[in-house]
Amino acid sequence: VQGLVIAASLEEAHRAMSRVVLVIPECIAADSLVCLENGSVRRVDALFLNQVLAAGGLVSHRWTKAASVALRISCGHQLTMGLMHQQPYIPKDTLRAKPFRGMGKEVAEAQVRIGFAKDLKLGDYLLVPDKLPHTVELHWTPDQLAFVGMILADGNVSRKTKNSAQVRVEVKKDIDWFRTVFQAGLRAFGCSASYQEKTTDHGTVFWSNSLTLADILWGFGLRGGKKASTIDIAEQVFLSPLPSIAAFIGAFFACDGNVRANGAVRFNSTSSLFLRKLQLLLMKYGIHSNLIDWQGSKPRSARSYELNIYREDIQHFKSQIPITMERKATAIRPEGRRLSRRVTWKEGTFVLRPIRRIERVRAHYLWDIETATGLFLANGVLTHNSWAFLPQQRGSPVKWAAQHIIRQGRARGVYLWLDSQDVTSVDKNVLKSVDLWCLGRQREINEVRRILDQLPATQKPRPSDVMTLG
């Protein structure tokens with residue numbers, strides 16, 4: 001493998017363009033949720049090789065890299081990525097200046113670009129799939145998942161002893177609705193005989209001491225104690241029938257959702273993970289939403305998150321998500337205007353979401369994966385493999401070998417390789433970052449001495465070793 005520089009960032013690559021370059025810079029944050037082909041989601045740092053991704057196909061490689069700075073891009077979806085991460089987008093300048101003129105029309109496929117995250121600007125458009133795929137692998141009923149959604153929002157599951165547990169909800173209003181959902185859930189789980197209810201000075205309490213029911217809910221990740229900032233949506237929900245998922249969302253909205261003064265449907269939580277997963281669940285119905293976060297004014301106040309549904313998506317929400325609590329259902333006011341532009345690209349239909357905020361944030365490790373198509377969905381946004389091959393104008397016979405070597409090396413923490421018999425022509429800034437030198441066999445003593453002059457004293461082999469591969 002000769003005449004090759006493999007760089008850890010594109011900045012290093014461009015400084016070394018006298019050689020064939022393969023680049024694998026940092027990609028996305030470890031907690032990014034990657035969408036699988038079956039409709040479930042998984043953190044990028046928990047993916048396995050050969051898993052099949054939505055829009056991506058098989059995962060063939062995965063690696064991580066230390067990073068100090070990253071960009072958090074917000075377009076209604078939030079995605080944290082490295083500065084040199086490659087991202088599909090449509091520049092704002094290619095669309096009409098007036099933001100609402102012609103909205104709803106298809107955008108030409110040729111307008112899609114793939115650029116570096118550091119070059120993205122406010123107003124550029126990211127691509128979000130119109131709908132996420134769905135596969136039914138589990139058969140939880142609507143009554144069962146509505147019960148799970150209610151307990152997740154307003155109840156708790158606790159184990160008093162090894163053989164004793166309690167599932168409990170205490171409420172002060174909408175008592176008839178909670179009673180109906182609680183009793184229907186117990187019947188659906190086969191635990192109706194364990195139903196109990198009492199009224200106290202603090203409100204009405206519904207509970208069940210069924211150990212079987214508690215074990216089932218523990219399988220959904222439900223626990224007792226203070227759970228507001230740690231609630232999650234289990235994979236079981238993602239793989240259930242769509243009517244059951246809709247019942248789960250509707251029950252949670254009835255407990256913890258509301259309608260803002262501007263008509264937007266809103267979910268609140270201090271758990272970013274929960275709302276990011278809820279945003280992806282809604283996309284199974286073609287319902288798009290905006291995730292925002294804010295910090296309270298008091299010292300050490302918890303960071304809070306909102307998921308808002310606007311405009312034409314309110315109509316989709318009202319027609320597809322059953323809101324059985326009458327007080328909440330009547331508050332939703334659908335708006336029929338279609339304001340989202342769409343583009344068909346790579347055999348998929350995508351909604352264009354304008355970038356509203358770009359922040360520099362601290363990062364420790366960023367993850368990259370390689371997929372069959374070079375694309376995948378992270379936090380609901382279409383994104384791209386970060387590695388790129390930048391060849392010389394002439395063809396290179398080392399392309400496949402170079403890619404194979406670097407992927408194997410990255411798995412072991414090696415980020416920059418250099419293979420050249422003439423290192424004097426490579427930029428010094430690249431040489432300083434090299435982790436491994438592949439110098440090959442040199443037959444001329446003058447070449448050997450020239451190479452050895454470039455190496456640190458602690459890494460210099462003997463000339464005879466180089467010439468004989470000793």
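The shown structure was predicted, so the numbers you read here are calculated from the model rather than taken from an experiment.
- Residues A264 and I314 share a closest heavy-atom pair of CA-CD1, 4.1 Å.
- Expressed to the nearest 0.5 Å, how far CD1 of I114 lies from NE2 of H384 amounts to 4.0 Å.
- Identified under the salt bridge (charged side-chain N to carboxylate O under 4.0 Å, His left out) test for residues 119-148, with sequence neighbours left out: D130-R342.
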(Q) For V381 and L377: C-alpha separation, side-chain torsions, deciding distance, then whether side-chain contact (heavy atoms from CB on, under 4.5 Å) applies. (A) CA-CA 5 Å; V381 178; L377 299 174; over 6 Å; no

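- Here the straight-line distance linking atom CD of Q320 with atom CG of L282 works out to 10.0 Å at 0.5 Å rounding.
- Checking L120, T80, L83 one by one against L71, the side-chain contact (heavy atoms from CB on, under 4.5 Å) holds for a single residue, L83.
- Screening residues 194-217 for salt bridge (charged side-chain N to carboxylate O under 4.0 Å, His left out), with sequence neighbours left out, gives R159-D215, R179-E197.
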Q | Chi angles and distances behind the side-chain contact (heavy atoms from CB on, under 4.5 Å) call for V41, V34 | A | CA-CA 5 Å; V41 299; V34 177; over 6 Å; no

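- Under a 3.5 Å cut-off, the side chain of Y285 and the backbone N or O of A246 do form a donor-acceptor pair.
- For D256, the salt bridge (charged side-chain N to carboxylate O under 4.0 Å, His left out) criterion is met by no residue, not counting sequence neighbours.
- In terms of heavy atoms, C255 sits closest to F178 at SG-CE2, 3.8 Å.
- With hydrogens and angles ignored, the 3.5 Å screen pairs a side-chain donor or acceptor of T64 with a backbone N or O of L366.
- Between V205 and V169 the shortest side-chain heavy-atom distance does not fall below 4.5 Å.
- Shortest non-hydrogen contact noted between S40 and F238 is CA-CB, 3.9 Å.
- The main-chain N or O of L122 is found under 3.5 Å from a side-chain atom of K92 such that the two form a donor-acceptor pair.
- When atom types are taken as modelled, the side chain of S271 and the backbone of T230 share no donor-acceptor pair closer than 3.5 angstrom.
- The two residues N258 and N268 make their nearest non-hydrogen contact at ND2-ND2, 3.5 Å.
- The salt bridge (charged side-chain N to carboxylate O under 4.0 Å, His left out) check on R356 picks up nothing, with sequence neighbours excluded.
- For F147 and F182, the distance between ring centers is under 6.0 angstrom.
- Under a 3.5 Å cut-off, the side chain of Q51 and the backbone N or O of F48 do form a donor-acceptor pair.
- One N or O on the side chain of R62 and one on the backbone of D45 form a donor-acceptor pair closer than 3.5 Å.
- If you take CH2 on W367 and OG on S32, they are separated by 12.0 Å, rounding to the nearest 0.5 Å.
- Q78 places no side-chain N or O within donor-acceptor distance of the main-chain N or O of R72, the cut-off being under 3.5 Å.
- Counting only distance, with no hydrogens or angles, the side chain of Q111 and the backbone of V343 share no donor-acceptor pair below 3.5 Å.
- In this view, R266 and E306 satisfy the salt bridge (charged side-chain N to carboxylate O under 4.0 Å, His left out) rule, not counting sequence neighbours.
- Distance check, rounded to the nearest 0.5 Å: CG of L273 to CG of D232 gives 4.0 Å.
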Q: Take V167 and W207, measure what side-chain contact (heavy atoms from CB on, under 4.5 Å) needs, and give me the verdict at the end.
A: CA-CA 5 Å; V167 180; W207 79 93; over 6 Å; no

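- Side-chain contact check for L280 versus L132: some heavy-atom pair is nearer than 4.5 Å.
- Looking only at atom types and distance, the side chain of Q166 has no donor-acceptor partner in the side chain of S158 under 3.5 Å away.
- Contact check on D293 versus R357 returns a salt bridge, with a Lys/Arg side-chain nitrogen under 4.0 Å from an Asp/Glu carboxylate oxygen.
- Evaluation of the salt bridge (charged side-chain N to carboxylate O under 4.0 Å, His left out) rule for K328 yields no partner, not counting sequence neighbours.
- Side chain to side chain, S208 and S194 meet the donor-acceptor criterion of an N or O pair below 3.5 Å.
- At least one side-chain heavy atom of E170 sits less than 4.5 Å from a side-chain heavy atom of T200.
- With 3.5 Å as the limit, one finds no donor-acceptor pair spanning the side chains of H139 and S240.
- Exactly one of F253, F274, Y305 qualifies for a ring-ring contact (aromatic ring centres under 6.0 Å, His included) with F267. That residue is F253.
- Contact detail for A378 and I28: the closest heavy-atom pair is CB-CD1, 3.8 Å.
- For the pair L36/V52, no side-chain contact is recorded, criterion being any heavy-atom separation below 4.5 Å from C-beta on.
- Here the side chains of L375 and P88 are in contact, with some heavy-atom distance below 4.5 Å.
- Here the side chain of Q87 pairs a donor or acceptor atom with the backbone of L382 at under 3.5 angstrom.
- Remark: K173 NZ to M325 CE distance equals 8.5 Å, nearest 0.5 Å.
- Screening F189, W140, F248 for a ring-ring contact (aromatic ring centres under 6.0 Å, His included) with F220, the sole residue that qualifies is W140.
- At distances below 3.5 Å, at least one donor-acceptor pair connects side-chain atoms of H77 with backbone N or O atoms of N379.
- Using a 4.5 Å heavy-atom cutoff, the side chains of V171 and F206 are in contact.
- Contact record, T141 with S244: C-OG, 3.2 Å, taken as the closest heavy-atom pair.
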Q: Could you give me the CA-CA distance, side-chain angles and deciding distance for R353 and H288, then say whether side-chain contact (heavy atoms from CB on, under 4.5 Å) is met?
A: CA-CA 10 Å; R353 304 300 299 270; H288 294 271; 3.8 Å; yes

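- Separation of atoms CG (L307) and OG (S272) is listed at 10.5 Å; rounding is to 0.5 Å.
- Using a 4.5 Å heavy-atom threshold, the side chains of M283 and P129 count as touching.
- A heavy-atom distance below 4.5 Å is not found between the side chains of R341 and V351.
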